[in-house]
Amino acid sequence: MAPAERGTVAVPSSPRPLRVLLLLSLLAVSAVEVVSAATAPLKFGINYGQIANNLPHPTQVSGLLRSLNVNRVKLYDADPAVLAAFAGTGVEFIVGNEDLQNLTDARKARAWVAQQVQPFLPGTRITCITVGNEVLSGKDTAAMQNLLPAMQAVYQAVADLGLAGQVNVSTAHSVNILASSYPPSSGVFREELAQYIQPILNFHAEARSPFLINAYPFFAYKASPGSVSLPYVLFEPNPGVVDPNTNLTYDNMLYAQIDAVYAAMKAMGHTDLTVRISETGWPSKGDDDEVGATVANAAAYNGNLMKRIAMGQGTPLKPDVPIDVFVFALFNEDMKPGSASERNYGLFYPNGTPVYNLGFDGASFSPSPTFSSSSKPTVRKFLV
């Protein structure tokens with residue numbers, strides 16, 4: 001779920017004088033990492049959804065992402081074709097399984113990890129398994145009850161198979177599990193979900209795995225365009241909002257949502273967990289009633305977010321903890337149900353053409369790539 005034309009980012013298409021290039025080298029940012037030895041690695045990844053009938057073969061996708069220097073990918077399953085296509089690339093993967101009922105069975109959980117994850121290690125860098133997706137914001141109480149037991153069974157399977165040092169276990173939640181998110185310091189989880197969230201937080205503390213949140217400021221703007229500031233949700237210049245309890249100033253909604261989750265976890269006794277954004281983005285197109293779903297806004301949101309990631313920026317509450325983000329999504333997915341926006345979060349069309357300019361104009365598909373583990377991808381840069 002996507003960045004914009006305002007504050008566009010451009011790629012130099014012709015040679016520049018050496019002194020200009022030296023200056024630009026300090027500002028240039030690849031799709032995944034800042035070109036500066038002094039800057040910490042960026043916490044940027046991409047969600048690779050596949051609810052479409054026109055997507056390229058995974059080997060082509062592997063070549064595309066390598067050309068962009070994208071080195072973190074999140075899947076919603078453990079597609080063996082994708083995992084095989086990325087073997088030897090060094091790309092880090094999150095894989096998923098939403099079959100909660102079967103995963104609560106320890107034998108089935110172990111069989112799944114042994115068959116769908118273990119065979120691809122260490123050739124493909126699988127570092128996390130997500131169990132379920134946005135379960136607690138749904139209405140399936142059976143799934144809610146099965147979520148933690150399924151996570152525990154998968155965690156035990158990972159340990160039993162000797163993978164605990166490589167793979168952790170988590171689940172992704174919608175930001176809607178919060179009952180309150182404003183001001184951020186007053187963040188609290190929904191009361192009826194406390195019985196599920198408290199033991200899940202305890203699990204994360206024991207497993208040392210991250211708390212994953214799917215957060216879309218687009219939804220807040222779409223619901224109340226008259227009261228929600230567009231610059232505030234797009235990371236553009238604005239007066240900001242001051243949290244009266246902490247006197248911290250927030251100049252964008254995503255950071256406020258992250259800190260609201262930290263506050264909600266603290267209210268449940270946990271200051272020992274890290275929040276990561278497993279999905280965020282902005283659609284480039286929507287239905288007539290989907291206010292704000294435009295190419296310009298999508299490019300602004302993702303483009304400005306990537307600039308902040310490149311800076312190693314943290315939130316006002318956690319300024320020394322760089323934000324950790326997986327953007328949604330790699331491709332537009334033409335078979336996703338629901339509103340038109342659901343099918344238009346991609347940074348790319350299925351043919352590999354960028355939906356808007358984020359400096360990816362040099363990207364392209366290549367034939368099934370062949371390379372050694374020591375080969376280096378071509379880096380495409382965009383200017384901050």
Side-chain angles (χ1 to χ4, degrees), residues 1 47 74 76 94 96-104 106 109 128-158 167-217 219-220 243 245-246 253-280 315 317-318 321 323-326 328:
M1 305 178 162
N47 281 275
K74 178 170 166 282
Y76 294 87
I94 295 177
N97 188 335
E98 299 184 24
D99 188 1
L100 300 181
Q101 186 172 356
N102 277 324
L103 289 180
T104 57
C128 181
I129 298 170
T130 55
V131 178
N133 185 53
E134 300 189 350
V135 174
L136 298 184
S137 54
K139 298 180 180 180
D140 188 340
T141 54
M144 295 181 190
Q145 294 166 357
N146 285 336
L147 179 56
L148 179 59
M151 294 172 68
Q152 292 170 326
V154 172
Y155 179 73
Q156 189 60 52
V158 166
V167 183
N168 62 32
V169 177
S170 188
T171 186
H173 303 282
S174 165
V175 75
N176 291 332
I177 62 173
L178 292 173
S180 172
S181 60
Y182 180 79
S185 60
S186 297
V188 62
F189 294 118
R190 285 160 47 189
E191 185 176 355
E192 71 274 20
L193 298 178
Q195 60 180 312
Y196 305 114
I197 295 176
Q198 182 71 72
I200 287 176
L201 293 177
N202 298 341
F203 167 86
H204 284 301
E206 179 182 350
R208 298 184 179 181
S209 57
F211 192 78
L212 304 181
I213 286 288
N214 298 341
Y216 291 91
F219 292 137
D243 186 321
N245 300 320
T246 62
M253 182 177 288
L254 181 66
Y255 286 12
Q257 290 175 328
I258 293 172
D259 283 353
V261 174
Y262 275 118
M265 293 194 302
K266 183 177 181 180
M268 285 193 163
H270 282 281
T271 57
D272 51 349
L273 302 178
T274 300
V275 175
R276 295 182 182 173
I277 298 298
S278 42
E279 288 184 22
T280 193
T315 67
L317 183 65
K318 302 276 187 176
V321 180
I323 55 172
D324 191 332
V325 175
F326 280 79
F328 189 91

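Note that the coordinates shown come from a computational prediction; the quantities given were computed from them, not determined experimentally.
Between S278 and A172, the shortest heavy-atom distance links the atoms OG-CB, 3.6 Å. Between S170 and M151 the shortest heavy-atom distance is C-CE, 3.9 Å. The two residues F189 and M265 come nearest to each other via the heavy atoms CE1-N, 3.8 Å. Residues Y255 and I323 approach most closely at OH-CD1, 3.4 Å, considering heavy atoms. When all heavy atoms of N168 and P210 are compared, the pair lying nearest together is ND2-CD, 3.8 Å. Between A264 and L178, the shortest heavy-atom contact is CB-CD2, 3.7 Å.
Between Q195 and M144, every side-chain heavy-atom pair lies at or beyond the 4.5 Å cut-off. For the pair Y262/T274, a side-chain contact is recorded, criterion being any heavy-atom separation below 4.5 Å from C-beta on. The closest side-chain heavy-atom distance from H173 to I197 is not below 4.5 Å. Looking at V188 and S180, their side chains come closer than 4.5 Å, going by heavy atoms from C-beta outward. At a threshold of 4.5 Å between non-hydrogen side-chain atoms, the residues T280 and P217 count as touching. Using a 4.5 Å heavy-atom cutoff, the side chains of L273 and L201 are in contact. Under the 4.5 Å side-chain criterion, counting only non-hydrogen atoms from C-beta, L136 is not in contact with T171.
Between the side chains of H204 and D272, no donor N or O sits under 3.5 Å from an acceptor N or O. Judged purely by distance below 3.5 Å, without hydrogens or angles, the side chains of S174 and N214 never pair a donor atom with an acceptor atom. Between S137 and N176, the side chains place no donor N or O within less than 3.5 Å of an acceptor N or O (distance only, hydrogens not considered).
In terms of modelled atom types and a separation under 3.5 Å, the side chain of D259 and the main chain of L317 share a donor-acceptor contact. Checking side-chain atoms of Q257 against main-chain N and O of S181 turns up no donor-acceptor pair under 3.5 Å.
With rounding to the nearest 0.5 angstrom, the CG atom of L100 is 8.5 Å from the CG atom of D140. One distance of note links CG of N133 with CD of E279; it measures 5.5 Å at 0.5 Å rounding. Rounded to the nearest 0.5 Å, atoms CD1 (I213) and CD (E134) are 9.0 Å apart. Note that CZ of F326 is 8.5 Å distant from CG of L212, once rounded to the nearest 0.5 Å. Note that CG of L254 is 11.0 Å distant from OH of Y216, once rounded to the nearest 0.5 Å.
Note: Y155 and F203 have perpendicular aromatic rings, judged against thresholds of 30 and 60 degrees for the angle between ring planes.
The one candidate from N97, N47, T130 that meets the side-chain hydrogen bond (donor to acceptor under 3.5 Å, both in side chains) condition with Y76 is N47.
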### Query
Checking side-chain contact (heavy atoms from CB on, under 4.5 Å) for the pair V135/N146: CA distance, chi angles, key distance, verdict?
CA-CA 10 Å; V135 174; N146 285 336; over 6 Å; no

### Task
Report the C-alpha separation of Q152 and E206 in whole Å, then their side-chain angles, then the decisive distance to 0.1 Å, and conclude whether the side-chain contact (heavy atoms from CB on, under 4.5 Å) test is met.
CA-CA 11 Å; Q152 292 170 326; E206 179 182 350; over 6 Å; no

### Task
Could you check V167 against I129 for side-chain contact (heavy atoms from CB on, under 4.5 Å), going step by step and ending with a plain yes or no?
CA-CA 7 Å; V167 183; I129 298 170; 3.7 Å; yes

### Query
Would Y196 and L147 count as a side-chain contact (heavy atoms from CB on, under 4.5 Å) if you check the C-alpha gap in whole Å, the side-chain angles of each, and the deciding distance to 0.1 Å?
CA-CA 8 Å; Y196 305 114; L147 179 56; over 6 Å; no

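In this structure, E192 places its CD atom where more than 12 heavy-atom neighbours from other residues, nucleotides or ligands lie under 6.0 Å away. For Q198, the CD atom is densely surrounded, since the number of other residues' heavy atoms within 6.0 Å is greater than 12. Residue-environment remark: NZ (K266) stays at or below the threshold of 12 foreign heavy atoms within 6.0 Å.
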